[in-house]
Amino acid sequence: MYLTREEEQILNGEAGNTLRQAIEILVTLGDIYGAERLIPIKSAQIAGVSYKTIGDAGLEWISDLQNKVKVPAILNPAGMDLKDWDKLGISPDFAEKQKSIVQAYEKLGVICECTCTPYTLEGFEVCYGDHLAWSESSAVSYVNSVIGARTNREGGPSALSAALIGKTANYGFHLDKNRIPEVSVDVECPLQESDYGALGYVAGKIIQNKVPVFHLRCVPKADELKALGAAMAASGSVAIYHIEGVTPEICRLDFKEPEEKITIERYQLDEIYESRRKTCKEPELITIGCPHCSSAELKRVAELLVGKTVSKELWIFTSREIAKRYPDYIRIIEKSGAKVICDTCMVVSPATDSYSSVMVNSGKAFSYIPGMCSAEVVYGNMEDCIEEALGRTEKKAGDSH
Ligand code: F3S
């Protein structure tokens, strides 16, 4: 891999140990994946923030790093709400460790807003064609597909290394040739709202890590695109997708319709919703906000809860900035007895681990909760989730088995 004189000096340790380690990680990845050089990035988004996922070894590694990041860098969700951490019964020991992790990132100059939807934040905008080093899989999918920026699915250490150097190795989804559709997906039914998460869950399992181009019978909204990409990145490892007539890059790419074709039909999506009927347990906890709720989603939750009282635990996850911008929605939601939680999520927080059955409206959470939280999971749309929390959904006799 070609390195400039300055990069060679960093690799030789002339700029200190932290930057030597960081560039070593980038060069190693570049060599493995055949990159010719390092390229500048506009921003980084760093996963590996929750103490639940990185533990003491991760905390130690981050704490040992010196230097400041060279480009704007932001964090993925942590293991708890950083302000109201006892709201979900997090232990003081966990809270102490989690705070130390965030402080260690802060020392490096990382923006300590912990969210998986940083592209919605003011001052952290992403534009078409920007090169990035982002690691949260749903955010990677969104910026690659919906915005047309360019990032690989970085690990936490490689995203942080890229932020410290201000560059990443030029391979994978930074190159045109790897963004070309490889499989065509024809969806034979109209879709709305949580259907997109179900579609992503089904499609990701079939497509795995290929680049799909979808042919849909309807035009999705931004939140539906977010849900589709998040689910595909979790049940498969899709990092970029295209939708004919919708996503920005499809008309600019020079490609032929892929030979590999799959068709997805309504009954395949219905099977995901059927999880509600197949489970033996009633959901004990209902969660909304994977990926973190947008302002439109928060508004919808508030409309569905206004003047009502929940009878089950209902947790709504969003970014702190979105929560700050819409205090009226927060007030309505919290008045119902539901909890609005920032900086974390139902998957990376240990709080979910004490529930044995969880209801979600997210294909990504549906994919991850059984393995990461050891709980049964059922799927429904946002309205079903709210109804369940209000105690209005009755499972019909004979449904469970
Ligand atoms: Fe975000 Fe957590 Fe889902 S990081 S995408 S809310 S699993």
Side-chain angles (χ1 to χ4, degrees), residues 45-54 74-82 88 98 101-102 112-121 124 134-146 151 153-156 159 194 196-198 200-201 204 222-239 241 285-294 297-298 301 314-323 339-353 355 358-375 377 379 382 385:
Q45 191 260 359
I46 303 161
V49 184
S50 171
Y51 181 64
K52 172 178 166 177
T53 55
I54 67 168
I74 196 162
L75 295 180
N76 212 34
M80 62 184 199
D81 187 302
L82 296 172
L88 299 188
Q98 186 61 73
I101 292 172
V102 172
C112 292
E113 173 89 32
C114 300
T115 180
C116 49
T117 57
Y119 44 84
T120 62
L121 305 186
F124 211 78
W134 284 29
S135 47
E136 207 299 303
S137 64
S138 72
V140 164
S141 174
Y142 193 90
V143 294
N144 270 334
S145 314
V146 181
T151 176
R153 255 176 90 141
E154 301 287 351
S194 57
Y196 285 91
Y201 181 83
D223 285 328
E224 294 167 335
L225 294 167
K226 174 179 82 171
L228 171 67
M232 266 194 296
S235 67
S237 50
V238 175
Y241 63 88
L285 167 67
I286 296 95
T287 67
I288 291 173
C290 171
H292 279 172
C293 282
S294 66
E297 289 167 319
L298 212 55
V301 174
L314 171 60
W315 297 351
I316 313 297
F317 294 91
T318 189
S319 66
R320 190 160 293 282
E321 185 176 312
I322 294 278
K339 297 181 174 101
V340 178
I341 302 142
C342 303
D343 315 316
T344 184
C345 82
M346 68 291 278
V347 171
V348 298
S349 167
T352 311
D353 301 356
Y355 294 86
V358 183
M359 184 168 186
V360 300
N361 68 337
S362 152
K364 177 168 177 177
F366 187 74
S367 187
Y368 278 0
I369 282 179
M372 285 190 70
C373 309
S374 306
V377 65
Y379 193 78
M382 187 186 281
C385 286

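Counting starts at 1 for both ligands and their atoms, in listed order. Numbers here are sequence positions counted from 1.
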A.B. asks: Is there a donor-acceptor contact under 3.5 Å from the side chain of Ser135 to the main chain of Ala47?
C.D. replies: yes

A.B. asks: Within the structure, is a non-hydrogen atom of Ala230 found at a distance of less than 4.0 Å from ligand 1?
C.D. replies: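 It does not, in that no heavy atom of Ala230 comes within the 4.0 Å cut-off of ligand 1.
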
A.B. asks: Determine whether a donor-acceptor pair (N or O, by modelled atom type, separation under 3.5 Å) exists between the side chain of Thr344 and the backbone of Ala78.
C.D. replies: yes

A.B. asks: Mind checking whether atom 2 (Fe) of ligand 1 has an N, O or S of Cys345 under 2.8 Å?
C.D. replies: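 Yes, Cys345 qualifies, because one of its backbone or side-chain N, O or S atoms lies under 2.8 Å.
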
A.B. asks: For the side chain of Lys52 and the backbone of Met80, is there at least one donor-acceptor N/O pair under 3.5 Å apart?
C.D. replies: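 Not a single qualifying donor-acceptor pair exists.
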
A.B. asks: Which ligand 1 atoms are under 4.0 Å away from a heavy-atom of Ser138?
C.D. replies: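 This gives 5 (S) as the contact atoms.
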
A.B. asks: With a 3.5 Å distance limit and no angle check, can you tell me whether Tyr379 reaches the backbone of Ala198 through a side-chain donor-acceptor pair?
C.D. replies: yes

A.B. asks: Verify side chain to side chain contact (heavy atoms under 4.5 Å, CB included) between Glu113 and Ser319, making sure each step is shown before the conclusion.
C.D. replies: CA-CA 8 Å; Glu113 173 89 32; Ser319 66; 3.9 Å; yes

A.B. asks: Looking only at protein heavy atoms, identify the closest one to atom 3 (Fe) of ligand 1 and say how far it is in Å.
C.D. replies: Cys290 SG, 2.3 Å

A.B. asks: Under 2.8 Å from atom 3 (Fe) of ligand 1 - does any N, O or S atom of Cys116 fall there?
C.D. replies: no

A.B. asks: Could you go step by step and tell me if Val102 and Asp343 meet the side chain to side chain contact (heavy atoms under 4.5 Å, CB included) rule?
C.D. replies: CA-CA 11 Å; Val102 172; Asp343 315 316; over 6 Å; no

A.B. asks: Looking at Val347, which atoms of ligand 1 are within less than 4.0 Å of one of its heavy atoms?
C.D. replies: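 By the 4.0 Å cutoff, the relevant atoms are 7 (S).
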
A.B. asks: Can you find a non-hydrogen atom of Gly289 under 4.0 Å from ligand 1?
C.D. replies: yes

A.B. asks: Is it true that a side-chain atom of Glu136 and a backbone atom of Gln45 form a donor plus acceptor pair closer than 3.5 Å?
C.D. replies: no

A.B. asks: Can you find a non-hydrogen atom of Pro77 under 4.0 Å from ligand 1?
C.D. replies: yes

A.B. asks: So which of His292, Lys364, Lys226 gets nearest to atom 5 (S) of ligand 1, if we judge by its closest heavy atom?
C.D. replies: Lys364

